[in-house]
Amino acid sequence: MTKNAPSMRAASNRQGLEDGDLYDAIIVGAGFSGLYQLHSLRDKLGLSAIVLEAGDGVGGTWYWNRYPGARCDSESHTYCYYFNDDLLKEWQWSERYPGQAEILKYLNFCADTLDLRRDIRFSQRVNRAVWDAAGYCWLVETSAGLQLKARFLITAVGCLSSANMPDIDGLSAFDGAIYHTGEWPHEAVDFTGKSVVVIGTGSTGIQAIPVIAQQADNVVVLQRTPNFSVPARNGPLADEFHQTFTQDIDMWRQKMRASRHGHPWVAPPRNLHETPEDERNAILEAGWQAGGLGFRESFCDILLDERSNDIMSDFIRSKIRNIVKDPATAEMLVPHDHPFGTKRPPIDTDYFETYNRENVTLVDIRHNPIKAVDRTGVCLEDGSHIAADMIVFATGFDAMTGALLKMGIVGRDGLTLADAWSEGPQTYLGMATHGFPNLFTITGPGSPSVLTNMPRAIEQHIDWITTLMSHANAQSVTLIEAELAAAREWTSHVTAAANETLLPQAGHSWYLGANVPGKPRVFMPYCKGLDVFRAHCAQVAADGYPGFSLR
Ligand code: N01
């Protein structure tokens, strides 16, 4: 144990901490990650932990992303906590894919069942967190003026939580309403009788556009990059589904553990381009009819072999051309500049069908970019003007690093996280950064996170961090820091792993940070698979945490 460093608080000692007292851990964010991390530290290790949350309720991603059509693309019975069978048994999902409102309700149910609220401070956005070397603790401040200190700082801020709002001339002069899908109002937005411009055709735009189009007078979609999408085939779950599921929880758990993505399926060991044409067409058609993310996993080499990817991409292109009746619109919607799956593949409900509606128009802003916004609408480079009552930005996020860099984190010797990551994020296992003792980043850059069914990645991270903190406690270790060499080596490995695949070929993807002007282009998520990552982390723990300095 480092001399003069405070040890972790005993369970019996943790009640009634005042704001000036030293917590064992401050957790930032009350979404899937923050809630489980609080439960793990408080109820499994008996530590004093507090959550600071910017919103006025739990839910994280699902608290903020309330846009029309918001729905998860993992299947309901897999998009939930698996650490506690009782939670799985008590909560019954209503549809194949959970909608935003149902997920938010589920997370509130978990927070109540686990009695977590009493250790969450709401409406507290962390805007500064400074490592105090003399006090062996983090000093954390929120924009509401709260100041707390803790031995450990754990960020649970989500990978997609910092909205990417384009800087467009004249936007502030617009007379109508402006929305970003990631910061959607709590009250319902009524599109009835309105002319709506939607900017962005990623997973979010693809979900929102069909729903907005059903209500609005007319919708103009401004598309920069056409996107692949596969039908979700959502629908209500049969009444008996829940009963059958709860009899087999362990089977589902094992299936997800065995998979690269944390979904309950594994791609069969067959290459697409080597499969005879009739057979592969039948498999692709069956995958398309079944819908969802499993389509991509019909073959094992889609992200590894261009020949196979070309066939799958062409299959989707022909579907788009078949669905969309106006040939010119169909051609605009056909993706041409990246292989399928190298950007996060959306799944949809009637996305391409929506362009057959009379009240929906598609505009290509790759070749005719937005010039400005004026009082009444959007002006394009060619001089045309699109009148609008509302503009919806479905323009995504400053992913994986944005929310972390906004927190004003300052580590050892005054090093800011922004400086440490000026050439791109560098982490060890996605969880720790050299120069930032006792800081853990759940699903940080360098983790599998966004390439997986998130709750599975989150539980793996939190279980691992919790075990490390328990180990530290038992060994009287007070300082845990990633070594520079380990962080460099891990980050190089993350890049090399991506370069073995087709993933970096989508040069404009948010995986690379390319959607945010000026952001370093580094492939951020770890793509070897959650199963491989889990095994590697387990080995690191078994070997006594090489790559970490434990003092
Ligand atoms: O964001 P995106 P998203 N001018 O970055 C365009 C998860 N998610 O919110 O491709 C004009 O993917 C941009 O164009 P381009 C999921 O992981 C999950 O849709 O950069 N356009 C693109 O079309 C997902 O990947 C679920 O050329 C601009 C769009 O806006 C992630 O969140 C649902 C622009 C942004 O697409 C992010 O998805 C929703 C500009 N200045 C989201 N800037 C489910 O679980 C950006 N664009 C189902």
Side-chain angles (χ1 to χ4, degrees), residues 32 61-62 64-76 78-79 96-100 103 158-169 171 179-184 197-209 211 221-232 234 261 263 291-293 333 335-338 341-349 351 362-373 378 380-381 391-400 402 443 449-455 457 506-517 519 524-525:
F32 261 103
T61 292
W62 303 103
W64 298 105
N65 283 267
R66 297 165 184 252
Y67 60 86
R71 186 177 294 283
C72 185
D73 54 11
S74 294
E75 300 197 14
S76 296
T78 69
Y79 194 77
R96 178 176 175 185
Y97 303 94
Q100 175 272 334
I103 304 172
C159 299
L160 297 157
S161 48
S162 176
N164 173 35
M165 190 67 181
D167 184 14
I168 301 177
D169 271 358
L171 193 57
Y179 302 99
H180 189 288
T181 48
E183 295 171 347
W184 201 259
V197 163
V198 181
I199 305 176
T201 53
S203 303
T204 301
I206 281 175
Q207 286 186 328
I209 289 161
V211 182
V221 178
L222 304 188
Q223 171 189 269
R224 195 163 67 177
T225 308
N227 214 338
F228 292 100
S229 184
V230 172
N234 188 34
H261 300 99
H263 291 288
L293 293 175
L333 287 165
H336 49 74
D337 66 352
H338 63 285
T342 55
K343 293 177 86 170
R344 172 68 145 63
I347 63 174
D348 70 271
T349 299
Y351 175 62
L362 182 67
V363 174
D364 170 5
I365 55 166
R366 169 75 62 198
H367 298 104
N368 185 17
I370 298 172
K371 187 175 178 206
V373 169
V378 180
L380 302 183
E381 284 290 351
I391 304 176
V392 174
F393 285 87
T395 45
F397 302 91
D398 182 354
M400 301 205 80
T443 63
S449 55
V450 290
L451 301 178
T452 74
N453 175 24
M454 284 298 280
H508 46 280
S509 134
W510 60 258
Y511 291 156
L512 276 166
N515 62 328
V516 176
K519 188 166 172 170
M524 293 180 285

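One-based numbering, in listed order, for ligands and for the atoms of each. Below, each value reflects all heavy atoms present in this structure, side chains not excepted, and no hydrogens, waters or symmetry copies.
Of the protein's non-hydrogen atoms, the one nearest atom 5 (O) of ligand 1 is Trp510 CD1, 3.4 Å. Closest to atom 1 (O) of ligand 1, if we only count protein heavy atoms, is Gly396 CA, 3.1 Å. Nearest protein heavy-atom neighbour of atom 36 (O) of ligand 1: Gly202 CA, 3.5 Å. The nearest heavy-atom contact from the protein to atom 32 (O) of ligand 1 is Leu160 CD1, 3.4 Å. Of all protein heavy atoms, the one lying nearest to atom 6 (C) of ligand 1 is Gly200 CA, 3.8 Å. When only non-hydrogen protein atoms are considered, atom 27 (O) of ligand 1 lies nearest to Thr225 OG1, 2.5 Å.
By the 4.0 Å N-to-carboxylate-O rule, Lys519 lies close enough to Asp398 to be salt-bridged with it. Look at Asp73 and Arg96 and you find no salt bridge, because none of the NZ, NE, NH1 or NH2 atoms lies under 4.0 Å from a carboxylate O.
For atom 40 (C) of ligand 1, the choice among Met454, His338, Arg224 with the nearest heavy atom turns out to be Arg224. Closest to atom 24 (C) of ligand 1 by heavy atom, among Ser161, Ser74, Ser203, is Ser203. With atom 10 (O) of ligand 1 as the reference point, the heavy atom nearest to it among Arg344, Gln207, Lys343 is part of Lys343.
Nearest heavy-atom pair across Thr201 and Thr225 is OG1-O, 3.2 Å. The nearest pair of heavy atoms linking Ser74 to His263 is OG-CE1, 3.2 Å. Summarising the geometry of Lys343 relative to Ser509, their closest heavy-atom pair is CG-CB, 4.0 Å, with the distance given to 0.1 Å. Scanning both residues, Ile206 and Pro346, for their nearest heavy atoms gives CD1-CG, 3.7 Å.
Inter-residue side-chain proximity for Asn227 and His338 is flagged as met; some heavy-atom pair is nearer than 4.5 Å. Under the 4.5 Å side-chain criterion, counting only non-hydrogen atoms from C-beta, Ile365 is not in contact with Gln223.
Here the side chain of Gln207 pairs a donor or acceptor atom with the backbone of Arg71 at under 3.5 angstrom. Under a 3.5 Å cut-off, the side chain of Gln100 and the backbone N or O of Trp62 do form a donor-acceptor pair. In this structure, His508 contributes its side chain and Asn515 its backbone to no donor-acceptor pair below 3.5 Å. No donor-acceptor pair closer than 3.5 Å links the side chain of Asn65 to the backbone N or O of Ala70.
Residue-level proximity to ligand 1 for Ile168 is absent, since no heavy atom of it falls below 4.0 angstrom. At a 4.0 Å heavy-atom cut-off, ligand 1 does not touch Ala399 at all. Within the 4.0 Å heavy-atom criterion, both parts of Asp73, backbone and side chain, lie near ligand 1.
In this structure, Val450 falls outside the shell of residues with a heavy atom less than 4.0 angstrom from ligand 1. Not a single heavy atom of Gln223 sits closer than 4.0 Å to an atom of ligand 1. Residue contact check for ligand 1: Tyr67 places a non-hydrogen atom closer than 4.0 Å to it.
The aromatic ring centres of Trp510 and Phe397 sit 6.0 Å or more apart. Annotation: Tyr79 is in aromatic contact with Phe32 [ring centroid separation under 6.0 Å].
Distances below 4.0 Å separate heavy atoms of Ala394 from the following atoms of ligand 1: 29 (C), 30 (O), 35 (C). Using a 4.0 Å cut-off to heavy atoms of Arg366, the atoms of ligand 1 that qualify are 27 (O). Each of the atoms 22 (C), 23 (O), 29 (C) of ligand 1 lies under 4.0 Å from some heavy atom of Thr201. Proximity to Arg71 (heavy-atom distance under 4.0 Å) selects the following atoms of ligand 1: 44 (C), 45 (O), 48 (C). Residue Cys72 has at least one heavy-atom neighbour below 4.0 Å for each of these atoms of ligand 1: 45 (O), 48 (C). Those atoms of ligand 1 that come under 4.0 Å of a heavy atom in Thr204, given as number and element, are 3 (P), 9 (O), 19 (O), 38 (O), 39 (C), 42 (C). Short contacts between ligand 1 and Ile199, defined as distances under 4.0 Å to a heavy atom of the residue, involve ligand atoms 11 (C), 21 (N). Taking every heavy atom of Ile365 and a limit of under 4.0 angstrom, the matching atoms of ligand 1 come to 11 (C).
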